[in-house]
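Just below is one structure, and these are the notes that go with it.
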2 protein chains.
Amino acid sequence: MPPTRHQTIKDVAERAQVSTATVSRVINRTGKVHAKTAARVTRALEELGYVPNAWARAMATDGSDLMGLIVPDILNPFFAAIYSGLNETAKHRGLAVWMVDSGDNPEKERQALHMLGRYRAQGIIITPAHPAANLAAIERIGTPVCLVDRRLAKNLWDLVLIDNVNGARQAAQLFVAAGHQRIAIIAGPQDSTPGVERLQGFVDALAAEGLDMPPEYIKFGDFRQESGFSLARELLALDAPPTAIFSCNNLMTMGLLQAIHSYPGAALGETVAVIGFDDIPISTLTDPPLTVVSRPMKEMGVQAAKLITARMEAPEKPQETVVLGPQLVIRGSEKIAGLLRWI
Amino acid sequence: MPPTRHQTIKDVAERAQVSTATVSRVINRTGKVHAKTAARVTRALEELGYVPNAWARAMATDGSDLMGLIVPDILNPFFAAIYSGLNETAKHRGLAVWMVDSGDNPEKERQALHMLGRYRAQGIIITPAHPAANLAAIERIGTPVCLVDRRLAKNLWDLVLIDNVNGARQAAQLFVAAGHQRIAIIAGPQDSTPGVERLQGFVDALAAEGLDMPPEYIKFGDFRQESGFSLARELLALDAPPTAIFSCNNLMTMGLLQAIHSYPGAALGETVAVIGFDDIPISTLTDPPLTVVSRPMKEMGVQAAKLITARMEAPEKPQETVVLGPQLVIRGSEKIAGLLRWI
DNA sequence: GATGTGTCTGTAAACGATAACAAGGAGAGG
DNA sequence: CCTCTCCTTGTTATCGTTTACAGACACATC
């Protein structure tokens, strides 16, 4: 292959015997162009296989048509689904979405913010790694910002949230309805809003049912599989192990299942019941299949796209929060054989 | 927040009482600048919170420092791992990676190629959705291209491949060693190289062991979970169902497990044994845990980064192919209780 | 024929950065 | 004191695109 330089609008102009302004007018359908001239330009465009240069355009128009999405874990289906919803909606508005992984790590997140700044993203959708770590950097961003799933220490930005309290409450009530008395929770980190809210909702709902949670039934993980595994083993090793465990995110649920599976004498649906927060691909493969609190993940991305494009058009409009409701998907793992409901 | 325009190099120059050239020199450490001047510039840089404009830089230097990665499925951990390896290696070389999802769909892939072209990506790493659909478009790309995991109809580009034949052979031999006679395969689409090679390797290896595969034991799926599920049910419903099934990718393996789980009388490790191609998060959670042919996914991304950066420096060097070896991870699901090894 | 009104097209100045070139000043050597 | 170098800095053209402005022409109207 010859070292083909990219064709420019100038090359097209020459070949079509017009000025670059006219070519630009044809490409963008702005301004009047005689049909015959337009045809000549279009032909030149095609013959040369012209591909517009997005940066040059961005520089001239002061708009990159680029949106950044920063997620803590590209591997987590939850964030992949958000990307999917965001991307589809953004594409309709002529915007491209660049997804970057922060690894849930403030330093990498800082780098990601900086990179998207350099490429002049016109809007940033982010699930922050930490409620305060990059607060200053985020405040300094000159473009619209929309937070998804997690809040920041300051309430300055549009938000797409899930009603975590409500989701956790539904899980708690289902456990109680299934007859459980010894109910434990593997909670998330308490410096993240979902971590706090899910714990809160769960504990409060049990209290409302007259059940107090002893401290040894409340374990704090870090939303990773490994912590779900080890904390679950701690719970199973108690003198009076819980008969029901609520796990506060999908990865920890994986670890929890692994722990139950490998723990002598423990068996899902027999000695211990489980409800997880967020669906996972294996939900339907366990025995019994897994009951989970499920979130409208893709819809979260769609809403984020709407919020941020709205703000791009009206930067000074009041801050807006969209709260979506989670839904309990009951598949069976919330019960154990030994406990009978007497309804 | 005030509608802060981005600071430019000119703003910095004014504040530091120097010319834009000097600022540029300080930023890029090119050319000599007096220590005192440099300090003044650095201070201005910080005080204004200057963020360089990547496009303007790209236009002036004719280099976007941008690489594109096009994958058929962002949700598949396999591709997420490739991204991870690619990204880390690229970052060391000052390159940013933009991952785009083609949905394994030639039309969306075409759009992705076009988008990366507009943003003047300096290299494209791609797992093509189809061996020929976008061949012309890919040939027209003016920048280095590296194919990962799948070939194209023409052999013009650097390649990172897995020895699929070898991986499938190992699976076949393990089944035979475990005493199986009735061995089936859920193969991938035959218009993709991995699909062809894994089938080929498996069938040939069995033939070498003196086992012919009857046609009803060879099912063709599309690498999605749903096809794994339905094809597995077809196999289980045969008059003489297989005692061993090899599933040619991770998603179909999920479907296969689901089918076994839900099929009356079928049980993993008792009536039917399974080996999957590619590891999955639940491999260790099934009972027995899953035996799989595992690939060095992250390493594939690293190799792709190396190939493409090498080609960016020497565009005319001969085409190069890197073949990485898969590894059999034996966990137990390749056997069934009924069959005893007599070694 | 002078004037006005469109329609169409070209000229040239941005946008934000880099880099080739030029030029000023300081110090060294004669 | 003149000249030669070297160090440091500024001037300016350039990258590919858009767009405000102006100009050229055709046609209609009075």
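Protein chains get the first letters and strands the later ones, always in sequence-line order, with residue 1 at the start of each. Quick note: numbers below take in every heavy atom, side chains included, and nothing from hydrogens, waters or symmetry partners.
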>> Need one value for B:T30: base, sugar-phosphate or nothing, where a base atom within 4.0 Å counts as base even if backbone is also close, heavy atoms only.
In response: nothing
> Do the side chains of A:N87 and B:D101 get nearer than 4.5 Å, heavy atoms only?
Replying inline: no
>> Under a 4.0 Å threshold between the charged nitrogen and the carboxylate oxygen, would A:E107 count as salt-bridged to A:R110?
In response: yes
>> Quick one about B:R150 and B:T127 (side-chain donor to acceptor, distance below 3.5 Å, no hydrogens or angles considered), yes or no?
In response: no
>> Tell me every residue that passes side-chain contact (heavy atoms from CB on, under 4.5 Å) with B:L75, counting only those two or more places apart in sequence or in another chain.
In response: A:P77, A:A80, B:D73
> Going by heavy atoms in the side chains, are B:R93 and B:D65 under 4.5 Å from each other?
Replying inline: no
>> Report for the helix from C:dG1-D:dC30 to C:dG30-D:dC1: angle between first-end and last-end helix axes, five pairs each, rounded to 10 degrees.
In response: 70°
>> Run A:H114 and A:Q111 through side chain to side chain contact (heavy atoms under 4.5 Å, CB included) and show every step you take.
In response: CA-CA 5 Å; A:H114 198 255; A:Q111 289 174 17; 5.6 Å; no
>> If you define the side chain from C-beta out and look only at heavy atoms, does anything of B:I27 sit under 4.5 Å from B:L45?
In response: yes
> Is the backbone N or O of A:P318 less than 3.5 Å from a side-chain atom of A:R311, with the two atoms forming a donor-acceptor pair by type?
Replying inline: yes
> How would you list all residue pairs meeting ring-ring contact (aromatic ring centres under 6.0 Å, His included) that involve residues 26-45 of chain B, not counting sequence neighbours?
Replying inline: none
> Who are the side-chain contact (heavy atoms from CB on, under 4.5 Å) partners of A:A38, not counting sequence neighbours?
Replying inline: A:V26, A:V33
> Earliest and latest nucleotide of DNA chain C, 5' to 3', sitting under 4.0 Å from a non-hydrogen atom of chain B?
Replying inline: C:dG16 to C:dA19
>> Contact list please: residues 12-28 of chain B against DNA chain C, heavy atoms, distance less than 4.0 Å, in numerical order.
In response: B:A21, B:S24, B:N28
> Do B:Q319 side-chain atoms and B:W157 backbone N/O form a donor-acceptor pair below 3.5 Å?
Replying inline: yes
>> With rounding to the nearest 0.5 angstrom, report the CH2 to CZ distance, B:W55 to A:R118.
In response: 12.5 Å
>> Expected output is a numbered-order residue list: members of residues 111-124 of chain B with a heavy atom under 4.0 Å from any atom of DNA chain C. What is it?
In response: none
> For B:D222, which residues count as a side-chain hydrogen bond (donor to acceptor under 3.5 Å, both in side chains) partner, sequence neighbours excluded?
Replying inline: B:S227
> Taking any atom under 4.0 angstrom from a heavy atom of chain B, which nucleotides of DNA chain D are the first and last to qualify, 5' to 3'?
Replying inline: D:dT8 to D:dG16
>> Can you confirm whether B:V148 sits close enough to B:I82 that some side-chain heavy atom of one is under 4.5 Å from a side-chain heavy atom of the other?
In response: yes
> Going by heavy atoms closer than 4.0 Å, what residues in residues 40-63 of chain B are next to DNA chain C?
Replying inline: B:Y50, B:P52, B:N53, B:A56, B:R57, B:M59, B:A60, B:T61
> Under the criterion side chain to side chain contact (heavy atoms under 4.5 Å, CB included), which of A:I126, A:T193, A:N134, A:L147 is the partner of A:L152?
Replying inline: A:L147
>> Going by the rule ring-ring contact (aromatic ring centres under 6.0 Å, His included), which residues pair with A:F79 if we only count those two or more places apart in sequence or in a different chain?
In response: none
>> Among residues at least two apart in sequence or on other chains, which ones pass ring-ring contact (aromatic ring centres under 6.0 Å, His included) with A:Y119?
In response: A:W98
